[in-house]
Amino acid sequence: MNVYDSEQIAFQLVAMGYQQTSSLEKADLVILNTCSVRAKAEQKAFSFLGRLAKLKKKNPRLIVGVGGCVAQQEGAKILERVPHIDLVFGTQAVDRLPGLIRKIENRRCRIVDVAMTDKPDPFDAAPAAQDHNQVSRFVTIMRGCDNFCTYCVVPYVRGRETSRHPDSIIKEIRSLVGLGVKEVILLGQNVNSYGKKEGLFGFPELLARVQTIEGLLRIRFTTSHPKDLDQDLINAFQANEKLCNHIHLPVQSGSNRMLKRMNRKYTKELYLDKVAKLRDTCPEIAITSDMIVGFPGESEAEFDETLDLMKKVEFDGLFAFIYSDRPNAPATQFKAKISEQQKRERLQILLDLQETYTKKKNEASIGSIQTIIAEGFSKRQSSGGPDQPNPGAQWTGRTTTNKIVNFYHNDFSGSCDDISPGKLVQVKIEKAYAHSLWGKPVEIESTAKGSKGEKSYAA
Ligand code: SF4
């Protein structure tokens with residue numbers, strides 16, 4: 001969500017005449033887009049802001065702004081805490097950013113704008129792609145959340161749930177596809193409730209409409225709340241040719257008592273039932289999840305229930321977090337806090353268990369042929385540039401199940417075009433690592449048949 005918001009911010013600034021620079025020292029304007037979902041992210045944001053004091057001293061005309069959830073949460077307190085900040089703008093003030101910056105440029109004043117409204121926000125002034133080389137892009141379809149999980153700040157810092165009009169979503173995706181984008185990741189705190197408040201059609205229908213966009217190869221989405229995952233959406237994994245075989249379905253705990261205290265509104269039995277239905281409908285589906293360890297009052301036996309749920313599901317991947325108190329979140333007031341030491345120990349046990357499943361799942365794909373969309377060079381690799389091409393460079397892409405696959409271009413023995421970002425490549429998987437797969441390319445674009453998620457290309 002923050003990546004998407006940052007793109008919107010960049011789009012507004014470019015329209016004002018600013019240019020992006022990779023050098024912080026050269027910048028006339030620095031905007032930090034923050035996340036407050038966990039205490040650690042917030043601490044990092046303040047430590048980064050502190051370091052900007054030196055730059056401001058060197059260049060007093062430098063404008064420093066803070067946006068996102070920490071800005072929304074802390075408001076004017078940030079100006080007191082960090083004296084060299086010029087602007088604090090909240091999650092609903094992105095559209096007002098150009099006016100705020102112009103005011104600071106002209107009057108050299110300090111501004112706080114964290115106004116929020118519960119009125120539906122159509123937010124259809126979405127930007128086109130900034131970076132034309134990107135193959136995969138986020139597209140926000142909803143904002144805010146009405147669920148009020150007791151550990152979470154989102155409803156307080158991003159406001160109530162609002163769905164974006166489908167015409168605006170489709171328009172943005174068409175524009176992205178026109179710029180070379182092949183895959184979109186539809187974003188919402190709970191995509192399953194898309195359109196319900198506004199009386200629009202539901203999320204499966206939105207997926208069906210996005211599927212008709214010519215030139216788009218793959219659709220992904222995140223996040224799905226287990227309580228609202230219905231059979232229509234489960235069926236979409238079979239019916240929708242472009243929908244990737246992956247769902248991120250945060251469970252947070254395997255203990256019903258903890259789930260109740262978290263206000264998640266489902267039980268572990270219901271969660272397991274949805275997992276079974278997903279696997280019945282789409283046996284190849286990869287399921288990933290989020291888990292919180294050390295929620296206030298979590299006993300050893302309840303932690304064991306979480307491990308038990310993991311054993312039953314065998315997730316493809318897991319994002320596990322240590323619980324931390326957040327301002328405004330009701331759980332902050334809950335008694336029976338778990339010690340930091342105990343939380344760290346539980347996290348390690350959980351991560352060790354998950355590693356066995358991640359490894360097992362990755363190893364199961366050895367010998368298979370996976371279709372990926374080439375995204376670009378993998379980390380620490382480069383093309384070598386136009387004058388000195390590097391045919392040995394390592395490429396990367398993702399399977400429909402969202403697993404990273406790396407490969408060497410010069411392992412390809414066929415006579416097809418060179419690999420370039422956005423091309424479909426079929427890769428025979430030879431090795432499995434903890435976080436990625438390794439293979440040899442066997443077909444590139446013109447001969448790749450395309451598995452589920454690539455039908456429009458094959459056509
Ligand atoms: S569903 Fe719960 S965890 Fe997710 S954003 Fe909403 S309140 Fe937060």
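One-based numbering, in listed order, for ligands and for the atoms of each.
Nearest heavy atoms, I111 versus L100: CD1-O, 3.7 Å. The nearest pair of heavy atoms linking L259 to K268 is CD1-N, 3.7 Å. Taking all atoms of both residues into account, the shortest heavy-atom contact from T34 to N2 is O-ND2, 3.0 Å.
A cation-pi geometry, defined here as NZ or CZ lying under 6.0 Å from the six-membered ring centre and within 45° of its normal, does not hold between R261 and F295. Cation-pi geometry between R96 and F89 is not met: the NZ or CZ atom fails to fall both under 6.0 Å from the ring centre and inside 45° of the normal.
Within ligand 1, counting atoms from 1 as listed, the ones closer than 4.0 Å to a heavy atom of Y151 are 3 (S). Ligand-side atoms of ligand 1 in range of C152: 3 (S), 5 (S), 7 (S), 8 (Fe), range being under 4.0 angstrom from any heavy atom. Which parts of ligand 1 touch P155 is read off a 4.0 Å heavy-atom cut-off, strictly below it: atoms 7 (S). Heavy-atom contacts of C149 reach the following atoms of ligand 1: 1 (S), 2 (Fe), 3 (S), 7 (S) (cutoff under 4.0 Å). For ligand 1, the atoms closer than 4.0 angstrom to any heavy atom of H225 are 1 (S). Close approach to F148 involves these atoms of ligand 1, each under 4.0 Å from a residue heavy atom: 7 (S).
H246 and T288 form a side-chain donor-acceptor contact under 3.5 Å, judged by distance and modelled atom types alone.
Ligand 1 lies nowhere less than 4.0 angstrom from a heavy atom belonging to R158.
By heavy-atom distance, the residue among E161, Q189, K227 lying nearest atom 5 (S) of ligand 1 is Q189.
Counting heavy atoms closer than 4.0 Å to ligand 1, residue C145 contributes side-chain atoms (C-beta onward) but none from N, CA, C or O. When non-hydrogen atoms are compared, ligand 1 lies under 4.0 Å from neither the backbone nor the side chain of P250.
Note on ring orientation: taking the six-membered ring where Trp is involved, the planes of Y194 and F201 are tilted (angle from 30° to 60°).
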